[in-house]
Each structure stands twice: as structure tokens, then as C-alpha cells.
Amino acid sequence: MKISITGTPGVGKTTVAKKLAKKIGFRYINVNELSSRFVESFDKKFESNVIDVKKMSKHIDSIKDDVVLDGHLSHYFKVDLIIILRLDPSMLEKRLRKRYKNKIKIKENVDAEILGVITSDCAGKKACEINCTGKKVEEIVEEIIKIIRKDKCEFGKIDWLKKYEKKLIQIS
Ligand code: DAT
């Protein structure tokens, strides 16, 4: 079984995915780290590596172990279940301020969380959302285990837009 743990950067994917993998005895794979093995070229305009996604997908498909895939792009691969971690945008902003100095980067990610970009990406796929706001890592892991056991799955219920739409147009 392959499980994708996805969500906006800063929501807690790595922390949760590592703990989950350990608890259920799955192999942990960080998709961002793995992608460094599939670099095709460098895009000067976007200042980022271009990944050979086909090759990387083939590699992931060939993995026969049970795995937890961690990464904000992990839901693009062939997986059995997608878990989208969501976090209140104010809390996300606090976490991202600790991680990045670049305000544009912070705003881009907070806006993506307000708009639910990853949730939209996952529409029509086998995906469940978890609101991680105010929850301990252990609690989130337990919720994921319930989802794996098919006890529960919610999708499309989290809407930060009403509360935070004004934040989208702040520029400072
Ligand atoms: P991501 O992998 O989504 O970028 P992360 O796992 O690196 O996120 O976590 C970002 C920060 O938030 C990191 O300092 C750990 C902290 N964190 C993660 N989950 C948490 C939780 N449930 N409660 C409090 N802090 C958490």
C-alpha cells in the first residue's frame, strides 16, 4: 500500500509522515529528497531543477514495499490513499516565518492554504483531509490510522476562505 501525505509546506507533513511510518511499519520516503535522483536539467528562469517525472513515477511504481510518501507533490504519484494535512493559515504563517525570510514565499504558501490549492488538486482522487490545527502529532497519526481502517474520511469540508479572504489581498 502506498500512502501520500500531502499539504502546503509547513503543515506538518514530514513530522507526521515519519511518525506514521514508524507506527504502522511502513517505509518512509521523502519525495523532495527522492526527486534529487531524477534531475534532468536546471531551469534558469525559475531557478529550480527540472525533474524527469516519468522516470520518477516509474521508480515509485516499482516499489513493492508499503510506503508513506511525504511531500507536497506526493499526491501526483500512483498511490492508494492521499491524506491532505490542513492547518489554520494564521498558524501556518507563524511556522513559515520561522522557516523562511522571504515574505513572498510565505505569502504564496499561506495563500495556497487559504485557497485550498492541494485539495482542489486532489478532487476526484481517493483523498481525505485532516484539520491539524491545535492537534498533537500523535492525534493526527491516530486519525490517519482510522482513515486507513476505513473508519472515517472527510473531504472538502475545510474552508479557510471566509475567515481569511482579506489576507489574500494584503501586500505588506
Ligand atoms: P512540512 O513537512 O509540511 O513542511 P514539518 O513537518 O516540517 O512540515 O513541520 C513544520 C514545523 O511545524 C516544524 O517545526 C514542526 C512543527 N509541527 C509539525 N507538526 C506539528 C504539530 N502537530 N504541532 C505542533 N508543531 C508541529
Side-chain angles (χ1 to χ4, degrees), residues 3-23 28-39 42-51 53 56 60 67-77 79 81-123 125 127-144 147 154-172:
I3 303 172
S4 147
I5 304 292
T6 188
T8 311
V11 291
K13 295 179 295 296
T14 300
T15 314
V16 168
K18 281 185 175 167
K19 205 154 212 153
L20 173 71
K22 203 170 180 190
K23 180 124 193 188
Y28 166 85
I29 293 178
N30 184 309
V31 169
N32 296 341
E33 281 171 21
L34 183 71
S35 70
S36 65
R37 284 167 47 187
F38 298 92
V39 175
F42 184 77
D43 188 315
K44 281 185 189 158
K45 194 174 157 201
F46 289 101
E47 290 183 356
S48 73
N49 288 327
V50 178
I51 307 300
V53 179
M56 189 168 161
I60 291 175
V67 287
V68 174
L69 293 177
D70 161 23
H72 69 285
L73 300 175
S74 62
H75 57 276
Y76 287 117
F77 298 98
V79 294
L81 176 64
I82 298 169
I83 305 289
I84 309 164
L85 303 185
R86 304 293 307 271
L87 186 68
D88 184 282
S90 295
M91 197 171 274
L92 180 66
E93 185 180 342
K94 272 186 203 154
R95 287 193 195 169
L96 292 176
R97 279 184 189 279
K98 287 185 195 160
R99 183 181 285 185
Y100 305 123
K101 282 205 175 90
N102 184 337
K103 281 189 180 168
I104 294 170
K105 200 159 185 172
I106 296 169
K107 184 164 165 52
E108 267 175 11
N109 285 309
V110 172
D111 284 358
E113 181 59 24
I114 295 172
L115 292 167
V117 170
I118 291 186
T119 301
S120 303
D121 272 355
C122 294
K125 294 184 180 181
C128 311
E129 286 182 294
I130 295 180
N131 184 353
C132 300
T133 314
K135 288 177 189 161
K136 289 189 182 132
V137 179
E138 294 74 14
E139 279 178 76
I140 300 162
V141 168
E142 285 310 317
E143 278 194 43
I144 297 173
I147 292 172
E154 290 183 345
F155 183 84
K157 289 195 174 173
I158 298 163
D159 182 5
W160 305 129
L161 206 51
K162 278 184 217 107
K163 196 173 163 193
Y164 290 105
E165 63 183 341
K166 286 205 179 99
K167 227 175 164 39
L168 289 172
I169 53 164
Q170 272 174 19
I171 294 165
S172 63

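Throughout, residue positions are numbered sequentially from 1 according to the sequence presented.
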At their closest point, which heavy atom of Phe77 faces which heavy atom of Met56, and how far apart are they? CZ-CE, 3.8 Å

Looking at Lys135, I'd like to know if its NZ atom is crowded, meaning that more than 12 non-hydrogen atoms belonging to other residues, nucleotides or ligands lie closer than 6.0 Å. yes

Hey, what do you get for CD1 (Ile5) to NE2 (His75), rounding to the nearest 0.5 Å? 12.5 Å

Quiz question: by atom type and distance under 3.5 Å, do the side chains of Thr8 and Asn109 form a donor-acceptor pair? no

Trp160 vs Asn131 side-chain heavy atoms within contact, under 4.5 Å: yes

If you apply the rule side chain to side chain contact (heavy atoms under 4.5 Å, CB included), what do you find for Leu34 with Ile60, and how did you get there? CA-CA 10 Å; Leu34 183 71; Ile60 291 175; 3.9 Å; yes

Name the residue from Ile158, Asp159, Ile84 that meets the side chain to side chain contact (heavy atoms under 4.5 Å, CB included) definition with Thr119. Ile84

Under a 3.5 Å distance rule, please check whether Glu93 uses its side chain to pair with a backbone N or O of Ile106 as donor and acceptor. no

Least distance between heavy atoms, Ala127 atom then Phe155 atom: O-CD1, 3.5 Å

Is the shortest side-chain heavy-atom distance between Thr6 and Asp121 below 4.5 Å? no

To the nearest 0.5 Å, how far apart are SG in Cys128 and CD in Glu143? 11.0 Å

Decide whether Tyr76 and Ser4 meet the rule of one side-chain donor and one side-chain acceptor closer than 3.5 Å. no

Are any of the side-chain heavy atoms of Ile51 and Val39 separated by less than 4.5 Å? yes

Could you tell me whether Lys125 atom NZ has more than 12 heavy atoms of other residues or ligands within 6.0 Å of it? yes

Ignoring hydrogens and angles, tell me if any N or O in the side chain of Glu113 forms a donor-acceptor pair with the backbone of Leu87 under 3.5 Å. yes

Once you round to the nearest 0.5 Å, how far does CG of Leu115 lie from CD of Glu165? 10.5 Å

The reported gap from OG in Ser35 to CG in Asn49 (rounded to nearest 0.5 angstrom) is 7.5 Å

Can you find a pair of side-chain heavy atoms, one from Thr133 and one from Met91, that are under 4.5 Å apart? yes

Between the main-chain N or O of Asp88 and the side-chain N or O of Lys163, is there a donor-acceptor pair closer than 3.5 Å? no

Using a 4.5 Å cut-off on heavy atoms from C-beta on, say whether the side chain of Ser74 contacts that of Lys13. no

What is the distance from atom CG of Leu69 to atom CD1 of Ile82, rounded to the nearest 0.5 Å? 10.5 Å

Under 4.5 Å between any side-chain heavy atoms of Val16 and Val141, yes or no? yes

Lys19 vs Ile140 side-chain heavy atoms within contact, under 4.5 Å: no

Measure from the side-chain N and O atoms of Lys107 to the backbone N and O of Leu168, and report whether any donor-acceptor pair falls under 3.5 Å. yes

Worked verdict on Val67 versus Ile3 for side chain to side chain contact (heavy atoms under 4.5 Å, CB included): CA-CA 6 Å; Val67 287; Ile3 303 172; over 6 Å; no

Within this structure, what is the OG1-CG distance for the pair Thr14 and Asn32, rounded to the nearest 0.5 Å? 7.5 Å

